[in-house]
Amino acid sequence: MSAGRAAGFSLDDLQQMFGPGDAPKIDRQALRDQAQVLDQQIRRLTALRDGLTHAASCREEDPMQCGKFRRLLKLASDRFSAR
């Protein structure tokens, strides 16, 4: 159950899949859909991580003056607004 919760499934979702009965009722489309949600989260978090990492080591005193940082910031922002 904890892996299902970590993957973003609600307790109701998990109960429907693994509730009483002989065999689990796995909704494969729900699994595919949730995998896509996780992929989107990974892309957003990766963009944020890249921006933070660059800002921490950027040679510009003001990272906002750095073209690469501004591009990374825009990429992260675009990915968060695409939710």
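Nothing here was measured: the structure is a model prediction, and the numbers come from that model.
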Q: Indicate yes or no: at least one non-hydrogen side-chain atom of P63 is less than 4.5 angstrom from one of H54.
A: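 In short, these two side chains do not touch, never coming nearer than 4.5 Å.
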Nearest-0.5 Å distance that lies between atom [atom1] in [X] and atom [atom2] in [Y]:
X: D39; Y: R43; atom1: CG; atom2: CZ; value: 5.5 Å
X: R5; Y: L11; atom1: CZ; atom2: CG; value: 4.5 Å
X: C58; Y: M64; atom1: SG; atom2: CE; value: 11.0 Å

Q) Can you name the residues that form a side-chain hydrogen bond (donor to acceptor under 3.5 Å, both in side chains) with S57, not counting sequence neighbours? A)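 Listed in chain order: nothing, the list is empty.
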Taking side chain to side chain contact (heavy atoms under 4.5 Å, CB included) as the definition, give me every residue that meets it alongside [X], ordered by chain and number, with sequence neighbours left out.
X: Q41; answer: V37, L38, R44
X: R49; answer: T46, T53
X: Q65; answer: E60, D62

List the atom pairs, with distances to 0.1 Å, where a side-chain N or O of residues 24-32 and a protein N or O form a donor-acceptor pair under 3.5 Å, not counting sequence neighbours.
| unit_1 | atom_1 | unit_2 | atom_2 | d |
| --- | --- | --- | --- | --- |
| D27 | OD1 | Q29 | N | 3.2 |
| D27 | OD1 | A30 | N | 3.1 |
| Q29 | OE1 | R32 | NE | 3.4 |
| Q29 | OE1 | R32 | NH2 | 3.4 |
| Q29 | NE2 | D33 | OD1 | 2.7 |

